[in-house]
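Reading through the structure tokens given below for one structure.
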Amino acid sequence: MAAATVSVERAASGARNSAALDFLRKPKQLLIGGKWVAAKSGKTFETINPSNEEVLALIAEGDKADVDLAVKAARKAFDEGQWSKIGPHERARYLFKIAELIDKHADELAQLETLDNGKPLTFSSAFDIPAAAETFRYYGGWVTKIYGETNPSDPSFFNYTLREPVGVCGQIIPWNFPLLMAAWKLGPALACGNTVILKPAEQTPLTALRLGELIMEAGVPEGVLNIITGFGPGAGSSIAEHPDIDKVAFTGSTEVGKIILKASAGNLKKVSLELGGKAPNIIFPDADLDQAVPTAMMGVFFNSGQVCCAGTRIFVQREKYGEVVDKLAKFSKNVTMGDPFDQKSTIGPLVSKEQFDRVKGYLEVGKKEGATVSAGGEAGAGKGYFVNPTLFSDVKNEMRIAREEIFGPVGTAISFTDENDAVFQGNNTEYGLSAAVWTRDISRAHKVARSLKAGTVWVNCYNQLDPISPFGGYKQSGFGRELGRYAIDLYTQIKSVWMKL
Ligand code: NAI
Ligand code: MG
């Protein structure tokens, strides 16, 4: 339909990697049973470059009919055992090979990520792509270390446990870290011997599709990985509801997480959910401000604030509030927003028009609620979904801008009276994904880390993420822990075997 409007030259004008440009020119199809195919309906949708609003490519729009085919392929591959039942050393080698191929094509993947998502190339090159490779490598290491147990049974019996793959897994991922989220999901699922139907976000399907090609190139048997691009209602909901999918893993909004959980009841799928956040970022008066100010603020602005663990509620003790807010505002005003292909840019545009309108809406909400704009506060002018790095001060924890996930470069500075008040206000939220504490007092650091109801607490740092360490939420930030050895629990089930001796 809209094929005539796609101009790779125009849409990808900043990109310099010829492989990325070649990839953009090819058809973007679904991966089902090892073959790239058009959607049954023949429909496609556009993926947009958010820094210039041009159409980058047309993408196959998968829906229920395509999900059904993908589930059949994944079930067949699982049952035939060419993945689930091969030796662990052999399966490990595939994961290492995938990591190697990501490294080999790192620049191409980084440029595609920057085109599709808008994040600065310096970040996609230094963080997203290497972290995705590292995640596959880390789970490649786990394949040979998935142990069962022998249990202290009565001597007339022998009882042991086996850890077996769950089966066919549906994985629905968001657009903020497109390749990395695919790696967080696929790494452990494949390591444990499962087969997968992956649904990338409709805003950013490109790197997942390229990863699909690389995974086929690594020699992973057909049907082990299937990729269905498409929308939430349609491709996503068909995965969540499918009677022959054994597990669904989701990262995205709390609202959709609840829909997925309800849909899972049909066949009692195992579910893991990694949802929104509104992290407290608590700066005590004894903190090293030279460290705390830039790191806490980048905890808000990183990836244009489109991060589930963004530290958007910055708590500052009342006596130092004015001084610290001045420093936070000064830092915010110096953050460079611009063309994501420009090395000087620290933040790029938001991912989509929808996200842009949403964040702009919150800028108005904050002003109406009586917060003071200490930095930014406006959307950028001209083409692209740019919003200026913004700091609201004089914010009360009850305001909507302090309660609702904005998912844009917008921080809120809130005052507290003492340690108890900081913890109370920090925990006074529906969410519980992450939190941070800034102090030089080690006993306070430990006490507050224990008191905060969050899946991750950072002390004197922010956004430390590594596949070695579990990640996931308390409260309405979801359940289940990804990464670390905990993801092995998400993608295996335990069988207890009793033998009479
Ligand atoms: P979303 O939750 O709608 O989208 C995430 C993924 O879920 C996408 O792949 C989407 O296609 C899929 N999806 C949507 N509706 C579905 C349904 N009914 N059944 C199955 N899958 C479905 O998030 P959206 O609309 O892109 O962003 C809205 C807000 O969600 C953001 O402003 C942010 O607050 C939050 N969000 C949180 C993320 C996180 O990392 N925890 C990531 C993305 C968004
Ligand atoms: Mg949505």
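For ligands, and for the atoms within them, numbers begin at 1 and follow the listed sequence. If you read the sequence from its start, that first residue is 1, and numbering goes on from there. For the numbers below, each heavy atom of this structure counts, side chains included, while hydrogens, waters and symmetry mates do not. The structure displayed is predicted, hence computed values, not measured ones.
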Anything under 3.5 Å between a donor and an acceptor, one on a side chain of residues 463-470, the other on a protein residue two or more places apart or in another chain? List them.
| from | atom 1 | to | atom 2 | distance (Å) |
| --- | --- | --- | --- | --- |
| Asp466 | OD1 | Ile468 | N | 2.9 |

Sub-4.0 Å heavy-atom contact, [X] with ligand 1:
X	value
Gln306	no
Gln203	yes
Phe177	no

Can you report which non-hydrogen protein atom sits closest to [atom], along with the distance?
atom	result
atom 7 (O) of ligand 1	Phe250 CE1, 3.1 Å
atom 18 (N) of ligand 1	Ile259 CG2, 4.0 Å
atom 34 (O) of ligand 1	Glu405 OE1, 2.6 Å
atom 39 (C) of ligand 1	Cys308 CB, 3.5 Å
atom 24 (P) of ligand 1	Trp175 NE1, 3.9 Å
atom 43 (C) of ligand 1	Pro174 CB, 3.6 Å
atom 1 (P) of ligand 1	Ser253 OG, 3.6 Å

Heavy-atom contacts with [X] under 4.0 Å: which atoms of ligand 1 show up? List them by number with element.
X	value
Ala201	9 (O)
Gln355	31 (C), 32 (O)
Gly236	19 (N), 20 (C), 21 (N)
Glu202	8 (C), 10 (C), 11 (O)

Taking heavy atoms and a distance under 4.0 Å, where does [X] meet ligand 1: side chain, backbone, both or neither?
X	answer
Ile173	backbone
Ala240	neither
Leu275	backbone

Nearest non-hydrogen atom to atom 36 (N) of ligand 1 belongs to which of Phe407, Tyr362, Phe231? Phe407
Best match, Gly232, Pro200, Gly478: closest heavy atom to atom 22 (C) of ligand 1: Gly232
Might you confirm whether atom [atom1] of [X] has over 12 heavy atoms from other residues, nucleotides or ligands at distances under 6.0 Å?
X	atom1	value
Lys368	NZ	no
Arg450	CZ	no
Lys475	NZ	yes

Determine whether the aromatic ring centres of residues Phe424 and Phe416 are separated by less than 6.0 angstrom.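 No, they do not, as the ring centres are separated by 6.0 Å or more.
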Could you check, using the six-membered ring where one of them is a Trp, whether Phe302 and Tyr462 have ring centers closer than 6.0 angstrom?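 So the answer is no for these two rings.
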Residue pair [X] / [Y], side-chain heavy-atom distance below 4.5 Å:
X	Y	answer
Met337	Phe301	no
Arg403	Asn428	yes
Ser352	Trp175	no

N/O donor-acceptor pairs under 3.5 Å from side chains in residues 178-192, not counting sequence neighbours:
| from | atom 1 | to | atom 2 | distance (Å) |
| --- | --- | --- | --- | --- |
| Lys185 | NZ | Thr251 | OG1 | 2.7 |
| Lys185 | NZ | Glu482 | OE1 | 3.3 |
| Lys185 | NZ | Glu482 | OE2 | 2.7 |

Atom 4 (O) of ligand 1 protein-contacted, heavy-atom criterion under 4.0 angstrom: no
With side chain to side chain contact (heavy atoms under 4.5 Å, CB included) as the test, pick out the partner of Leu490 among Lys270, Arg481, Lys247.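 Among Lys270, Arg481, Lys247, the one meeting side chain to side chain contact (heavy atoms under 4.5 Å, CB included) with Leu490 is Lys247.
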Below 3.5 Å, N or O to N or O, backbone or side chain included: is there any such pair between Pro233 and ligand 1?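 Pro233 vs ligand 1: no N/O contact under 3.5 Å.
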